[in-house]
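Down below is the structure, laid out as structure tokens.
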Amino acid sequence: MLITFEGIDGSGKSTQIRLLKECLRAHGVEPLALREPGGVPLSERIRALLLEGKEEMGSVTELLLFAASRAELMRTLVKPALERGEVVLLDRFCDSTTAYQGYGRGVDLDVIRQVNRIASLGIEPDLTFYLDLLPEDALIRKFSEKSLPLAFGENEIPLDRMESAGLEFYRRAREGYKALAREHSHRVVEIDALRSINDVHKQIVATLRQRVPQLFSASSETR
Ligand code: ADP
Ligand code: TYD
């Protein structure tokens with residue numbers, strides 16, 4: 001089964017994936033945890049183009065590079081793992097593209113849907129945890145993560161190409177996530193990411209216990 005984690009940068013996705021991975025392992029399930037963009041060598045090279053590059057990039061180019069990175073990850077790792085019946089935890093997936101390139105950059109949402117369908121090989125997540133956080137709160141986390149004094153200005157934090165897009169961009173991306181959560185209310189579980197790391201983890205585990213109880217019994221056949 002495919003479980004995705006979504007939310008703006010700094011909302012706690014990688015922290016929660018790490019905790020869930022440990023928790024599932026303790027129950028005898030070995031999940032495959034991957035991040036987007038990246039996860040395999042070619043996709044990591046595309047990631048470097050997207051995040052480290054300083055060149056100006058058109059929004060369609062950006063969309064297609066994220067899609068190319070995804071297509072490669074799906075083809076080589078995710079699809080085969082799902083076919084073997086494994087649990088895959090993905091740090092970002094198609095909802096990121098809708099939120100960032102669709103709502104954030106303003107690319108037509110029908111185009112985004114088509115590109116997402118191609119890049120994902122038609123595979124949809126079984127469940128998505130959306131960690132909701134205000135961009136302002138995410139920025140405060142960035143300061144403490146990089147151990148920067150709060151006197152630092154927003155423009156002085158060492159940011160990657162996406163993070164440099166500014167607060168307004170992140171506000172639009174968050175609106176995109178909120179719209180997705182409303183539109184796909186069965187698949188997307190929205191969690192208040194301002195709560196403590198442990199509280200968020202507990203909510204994720206409680207949701208999984210309720211929706212996929214077989215994950216928590218080691219003798220499980222269906223994962
Ligand atoms: P993401 O993968 O979504 O960018 P991270 O998991 O890397 O987010 O978290 C970003 C920073 O915020 C890290 O320093 C992490 O320790 C911290 N953090 C994560 N979750 C919480 C939380 N619920 N409360 C406070 N800080 C958090
Ligand atoms: P990353 O450092 O992995 O994100 P985070 O800070 O949340 O851990 O950076 C990935 C960046 O790429 C992030 O800013 C979101 C962006 N992104 C898109 O714009 N579109 C996409 O389709 C994906 C997968 C990511």
Side-chain angles (χ1 to χ4, degrees), residues 4-22 33-40 43-44 46-53 57-74 78 89-107 109 111-113 115-120 125 128-148 157-167 169-170 172-174 176-177 180 191-204:
T4 61
F5 290 75
E6 295 283 358
I8 60 168
D9 309 49
S11 54
K13 300 179 297 300
S14 35
T15 304
Q16 293 302 328
I17 289 176
R18 184 173 45 76
L19 291 175
L20 180 59
K21 194 173 173 179
E22 284 165 16
L34 297 162
R35 71 165 180 187
E36 276 209 23
V40 282
S43 302
E44 289 291 335
I46 300 173
R47 178 187 174 90
L49 282 177
L50 280 161
L51 302 184
E52 290 164 20
M57 188 183 290
S59 46
V60 172
T61 309
E62 184 180 284
L63 167 68
L64 294 176
L65 284 175
F66 277 114
S69 164
R70 176 167 307 140
E72 196 56 19
L73 183 68
M74 296 303 288
V78 177
L89 307 180
L90 259 188
D91 190 337
R92 298 191 178 281
F93 193 49
C94 294
D95 294 336
S96 286
T97 315
T98 306
Y100 283 74
Q101 279 65 54
Y103 285 79
R105 299 283 194 222
V107 178
L109 291 178
V111 172
I112 300 274
R113 265 188 283 275
V115 171
N116 274 346
R117 198 170 51 245
I118 295 167
S120 65
T128 298
F129 291 105
Y130 163 52
L131 306 183
D132 182 50
L133 191 68
L134 283 170
E136 290 83 345
D137 290 320
L139 198 61
I140 292 171
R141 284 190 189 167
K142 281 274 165 228
F143 273 101
S144 49
E145 193 179 35
K146 299 188 196 271
S147 305
L148 294 169
I157 318 174
L159 299 171
D160 68 36
R161 203 183 59 82
M162 294 304 296
E163 289 169 333
S164 313
L167 270 184
F169 173 81
Y170 277 94
R172 290 195 298 276
R174 177 169 179 260
Y177 275 130
L180 282 165
I191 297 178
D192 179 2
L194 207 50
R195 293 165 57 200
S196 74
I197 291 177
N198 197 33
D199 278 3
V200 174
H201 174 62
K202 279 199 217 144
Q203 190 175 343
I204 289 173

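What you see is a predicted model, and the numbers here were worked out from it, not measured in a lab. Ligands are counted one by one from 1 in listed order, and the atoms in each one are counted from 1 as well.
Contact analysis leaves R35 out of contact with ligand 2, as no non-hydrogen atom separation drops below 4.0 angstrom. Taking 4.0 Å as the cut-off, Q16 does not count as a neighbour of ligand 1 on heavy-atom distance. Assignment of A193 to the shell around ligand 1 is supported, since a heavy atom sits closer than 4.0 Å.
Each of the following atoms of ligand 1 lies closer than 4.0 Å to a heavy atom of T15: 5 (P), 6 (O), 9 (O), 15 (C), 19 (C). Within ligand 1, counting atoms from 1 as listed, the ones closer than 4.0 Å to a heavy atom of R195 are 22 (C), 23 (N), 24 (N). Taking every heavy atom of K13 and a limit of under 4.0 angstrom, the matching atoms of ligand 1 come to 1 (P), 2 (O), 3 (O), 4 (O), 6 (O), 8 (O).
For the pair Y100 and ligand 2, the shortest N or O to N or O distance does not fall below 3.5 Å. Distances between N or O atoms of E163 and those of ligand 2 include no value under 3.5 Å. Between D9 and ligand 1, no pair of N/O atoms sits closer than 3.5 Å. Residue contacts with ligand 1: L194 is placed with no nitrogen or oxygen under 3.5 Å of a nitrogen or oxygen of the ligand (distance criterion only). Polar contact check, D91 against ligand 1: no nitrogen or oxygen pair lies under 3.5 Å apart. At under 3.5 Å, a nitrogen or oxygen of D9, whether backbone or side chain, sits near a nitrogen or oxygen of ligand 2. Polar contact check, E62 against ligand 2: no nitrogen or oxygen pair lies under 3.5 Å apart.
Among E6, R47, K13, R70, the residue whose heavy atom lies nearest to atom 3 (O) of ligand 2 is R47. Which of V200, L19, N198, I197 comes nearest to atom 21 (C) of ligand 1 through a heavy atom is settled by distance: it is I197.
The protein heavy-atom contact nearest to atom 4 (O) of ligand 1 is G10 N, 2.8 Å. Among all protein heavy atoms, the one lying closest to atom 8 (O) of ligand 1 is G12 N, 3.1 Å. The protein non-hydrogen atom at the shortest distance from atom 7 (O) of ligand 1 is S14 OG, 3.1 Å. Protein heavy atom in closest approach to atom 25 (C) of ligand 2: F66 CE2, 3.3 Å. Nearest protein neighbour of atom 11 (C) of ligand 1, counting heavy atoms only, is E145 OE2, 3.8 Å. Looking at atom 22 (O) of ligand 2, its nearest protein heavy atom turns out to be T97 OG1, 2.7 Å. For atom 19 (O) of ligand 2, the nearest non-hydrogen atom of the protein is Q101 NE2, 2.9 Å. Shortest contact from atom 4 (O) of ligand 2 to any protein heavy atom: R92 NE, 3.5 Å. Here the heavy atom of the protein found nearest to atom 11 (C) of ligand 2 is L51 CD2, 3.8 Å.
Both the sub-6.0 Å distance and the 45° axial angle are not jointly satisfied by R105 relative to the ring of Y100.
R18 has no carboxylate O lying under 4.0 Å from a charged side-chain N of D91, or vice versa, which leaves the two without a salt bridge. Salt-bridge annotation for E44 and R35: present, with a side-chain N of the basic residue lying under 4.0 Å from a carboxylate O of the acidic one.
In this structure, F5 and L20 have side chains that are in contact, with non-hydrogen atoms separated by less than 4.5 Å. With contacts defined as side-chain heavy-atom distances shorter than 4.5 Å, the pair M162/L51 qualifies. Side-chain contact check for F129 versus Q203: every heavy-atom pair is 4.5 Å or farther apart.
No donor-acceptor pair closer than 3.5 Å links the side chain of Q16 to the backbone N or O of K13. At distances below 3.5 Å, not a single donor-acceptor pair connects side-chain atoms of T61 with backbone N or O atoms of M57. In this structure, E6 contributes its side chain and F93 its backbone to a donor-acceptor pair below 3.5 Å. Between the N116 side chain and the C94 main chain, a donor and an acceptor come within less than 3.5 Å of each other. For the pair K21 (side chain) and A33 (backbone), a donor-acceptor distance under 3.5 Å is absent.
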- Message: Evaluate E52 against R161 for salt bridge (charged side-chain N to carboxylate O under 4.0 Å, His left out), listing each step before the verdict.
- Response: CA-CA 6 Å; E52 290 164 20; R161 203 183 59 82; over 6 Å; no
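Counted by atom type alone, E36 and S69 present zero donor-acceptor pairs between their side chains at under 3.5 Å. A donor-acceptor contact under 3.5 angstrom links the side chains of S96 and Y177, judged on distance only. Residues T97 and R92 bring no donor and acceptor atom of their side chains to less than 3.5 Å of each other.
When heavy-atom distances to ligand 1 are checked against a 4.0 Å cut-off, R141 comes that close only through its side chain, counted from C-beta outward.
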